[in-house]
Colleague: 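I have a structure I would like to understand better, so I am pasting it below and will then ask my questions one at a time.
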Amino acid sequence: MAYAEKRRNLWRARWRGPDGTLQSKPDFQTRKAAENYGRDQEAAIRGNTYVDPRAARITLAEWVNQWYPALDLELTTLSNYRYLIEVHILPVFGDRALSSLTAEEIAIWERKLVTAGYSRRTAHDARSTLTTVLGDAIPRHIQANPAQRRRGKGRKGQRRIERNESAEKAWATPLQALLIAERCAALSGCDTDFIMIITVAYTGMRWSEIIGLTPECVKGSEIDIAWKLYELNGRFYRGRPKDGSIRTADAPPFLSELLSGYLASGAPRTCTCRNVEKPWCPGDGYVFLGPGGGHFRRSNYSERFLRPAADGWHPARGQRPAMPVMVDAGNLFPGKPVPPWPAAVPSETFSPPSGRGVIRLVSDGETGRCPVCGRAFPRRLDGALIAHQARAGRCGGSGRLPAEDVALASWLPVLTGLTPHGLRHGHQTWMDEARIADVLKSDRMGHEVPGMHGVYGHVSSAMREELKTALQERWEVSLRERERLAPRSAVGVLDALLAPHQPDPEQDPLPIRSQNRTF
């Protein structure tokens, strides 16, 4: 039983700890206060909320070194935790005792990360990680979590703005998905990109799931989503889908034919990975691979293909500013992409990039575009190009007149800000518009249906057929809308698909209209 001892002019509380050892806390002004404190500690022991005063003196760095090795999480999650802990958390709080941390200083630290130039998302993630770290120290080392955000605190306006911004996630209509897939393929010069983006749009697969799709998982009208492929530090590892969401997605007829023809094309299906240690990819067969047999990388693919296709602009990179996507309009729609030029500035005279050896799109009185290598070279007095070298020796364009100027055009945005995950949002919206059963929507997206409805609800074959019919109708409508823009395509697989969809003047108005038709 707890009791008090007098120590000079003060009192000390005494009680038995969980292991039977005698514990104490000094410096109480009265005997009653010391006894009450000791009884509180005994109550905490009975309620399993007791914190050993000696355990609370452990530093955050010491606790992290115990906590982190015991985690059993995804490699990417562990990598994110490690970055946030080593870069943002330990440099500030590493040598502090857990019991000394306060909610006020942690809130100030989070705001200072933003003022230091980090994004709000980074600051939020850093505090969330600290909350997780300290949460696992309860009740052994601390009684409460000082990093936990208190409900009802903070700027209400900022929270409402964040909710509105998250609600404005860009999602694509069927026509927008088709146009963006076509542009990605035009930029890469491969039909693979078109088929991959369309597959994502019409199945709702995650990025890691589409690049991890194996040929044996494509079974006619069914696609087994059984694997994911995650990128970490330049390497890839294969695992099960997020939250164990293994599922089968029904493919509408057009997508089944598209994938069957693509798999039968004879293109290499084995990646170039050569890792020997698990879980890294050792070199397996996949449906979608880059031209060199490597895996598509999320950030690289977004910068080179998806952002230019959706936004109509090449994103800024380092010292290079954002530049509009330029195409040779003399080719089939949507045009053949050409090297970009800096954007024109209003009220300033625009001068095309120039210089010896620079790829040239137009000619002038002193410099011409070589009809063979396409680069810019000075003209002779008779207007012909000076002699110049190519890789194999003297260029065949030497001494010839410059080539005609390229018929330049630039792409307008299709859907600014679209991401691969935005295609997933769009797929969910299409199913909502078609009034597909909730149990099938959750199954297709890899989610769980909460409550008793998830226990007693089941996906029927009739539901699946209804969904495939709805997706097939949207695809056919988007093809007809696309054909109205131009009857042909520079993308071979789409050009073949457009052939049977020539416009019919007596056709009824389309039942589904696209949004934001800026092209």
Side-chain angles (χ1 to χ4, degrees), residues 2 4 11-30 32-73 77-78 80-82 84-114 120-156 158-159 162:
W11 293 86
R12 179 173 67 176
R14 303 300 299 268
W15 69 94
R16 293 285 178 181
D19 57 355
T21 59
L22 194 61
Q23 306 290 335
S24 65
K25 180 176 175 57
D27 300 333
F28 288 94
Q29 296 292 331
T30 65
K32 186 68 173 178
E35 291 176 344
N36 288 341
Y37 184 86
R39 295 190 185 103
D40 289 343
Q41 302 311 303
E42 292 179 334
I45 293 172
R46 292 191 295 271
N48 198 31
T49 59
Y50 177 74
V51 177
D52 188 337
R54 292 169 297 183
R57 292 195 290 268
I58 187 175
T59 66
L60 181 60
E62 292 171 338
W63 170 240
V64 166
N65 287 332
Q66 298 177 25
W67 172 83
Y68 186 84
L71 296 178
D72 183 18
L73 301 172
T77 304
L78 292 174
N80 291 336
Y81 276 174
R82 183 166 187 167
L84 294 170
I85 290 171
E86 292 183 348
V87 175
H88 298 297
I89 297 175
L90 290 185
V92 179
F93 302 115
D95 58 350
R96 295 281 300 278
L98 298 187
S99 59
S100 70
L101 298 175
T102 65
E104 291 75 19
E105 65 179 335
I106 291 175
I108 294 173
W109 162 71
E110 182 182 12
R111 290 197 299 271
K112 284 184 176 180
L113 288 177
V114 178
R120 289 187 177 275
R121 175 63 182 272
T122 299
H124 182 276
D125 290 348
R127 180 166 180 174
S128 296
T129 301
L130 180 58
T131 302
T132 302
V133 172
L134 295 179
D136 288 343
I138 299 173
R140 179 183 175 189
H141 296 291
I142 52 178
Q143 289 183 326
N145 191 337
Q148 185 71 47
R149 294 181 178 85
R150 289 177 289 178
R151 296 179 61 86
K153 301 297 181 180
R155 293 185 295 172
K156 182 178 180 180
Q158 184 61 42
R159 295 197 301 271
E162 292 174 354

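Fair warning: this is a prediction, and the values are worked out from it, not measured in the lab.
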Colleague: Give, for atom CD1 of Ile142 and atom CG of Leu101, the distance between the pair rounded to the nearest 0.5 Å.
Modeller: 7.5 Å
Colleague: Mind checking whether His124 and Arg149 have side chains closer than 4.5 Å, heavy atoms only?
Modeller: yes
Colleague: With side chains defined as the heavy atoms from C-beta onward, is the minimum distance between Trp63 and His141 less than 4.5 Å?
Modeller: yes
Colleague: CZ of Arg12 to CZ of Phe28: how many Å apart, nearest 0.5 Å?
Modeller: 11.5 Å
Colleague: Any salt bridge linking Arg14 with Glu35? Criterion: basic side-chain nitrogen under 4.0 Å from a carboxylate oxygen.
Modeller: no
Colleague: Side chain of Glu62, backbone of Thr59: donor and acceptor closer than 3.5 Å?
Modeller: yes
Colleague: Taking all heavy atoms of Tyr37 and all of Ala13, pick out the closest pair and write down the distance.
Modeller: CD2-CB, 4.1 Å
Colleague: State, to 0.1 Å, how close Ile58 and Gln66 come at their nearest heavy-atom pair, and which atoms those are.
Modeller: CD1-NE2, 3.4 Å
Colleague: So do Thr102 and Pro146 actually touch side chain to side chain, heavy atoms under 4.5 Å?
Modeller: no
Colleague: Identify the heavy atoms of Gly38 and Ala2 that sit nearest to each other, and give their distance.
Modeller: C-CB, 3.4 Å
Colleague: Listed by chain and number, what are the ring pair (Phe, Tyr, Trp, His ring centres under 6.0 Å) partners of Trp11, not counting sequence neighbours?
Modeller: none
Colleague: State the CG-OG1 distance between Asn36 and Thr30, to the nearest 0.5 angstrom.
Modeller: 8.0 Å
Colleague: Pair up each side-chain donor or acceptor in residues 84-96 with any protein partner under 3.5 Å, not counting sequence neighbours, and list the distances.
Modeller:
residue : atom : partner : partner atom : Å
Glu86   : OE2  : Arg82   : NE           : 3.0
His88   : NE2  : Tyr83   : OH           : 3.4
Arg96   : NE   : Ser100  : OG           : 3.2
Arg96   : NH1  : Glu105  : OE1          : 3.0
Arg96   : NH2  : Ser100  : O            : 2.9
Arg96   : NH2  : Glu105  : OE1          : 3.4
Arg96   : NH2  : Glu105  : OE2          : 2.7

Colleague: Under 3.5 Å, sequence neighbours excluded: what are the donor-acceptor pairs made by side chains of residues 129-138?
Modeller:
residue : atom : partner : partner atom : Å
Thr129  : OG1  : Asp125  : O            : 2.9
Thr131  : OG1  : Arg127  : O            : 2.8
Thr131  : OG1  : Ala147  : O            : 3.1
Thr132  : OG1  : Ser128  : O            : 3.1
Asp136  : OD2  : Trp67   : NE1          : 2.6

Colleague: Is there a side-chain contact between Leu113 and Thr122 in this structure, where contact means two heavy atoms from C-beta onward sitting under 4.5 Å apart?
Modeller: no
Colleague: Run Tyr81 and Tyr68 through ring pair (Phe, Tyr, Trp, His ring centres under 6.0 Å) and show every step you take.
Modeller: CA-CA 9 Å; Tyr81 276 174; Tyr68 186 84; 7.6 Å; no
Colleague: What is the distance from atom CD1 of Ile108 to atom NZ of Lys112, rounded to the nearest 0.5 Å?
Modeller: 6.5 Å
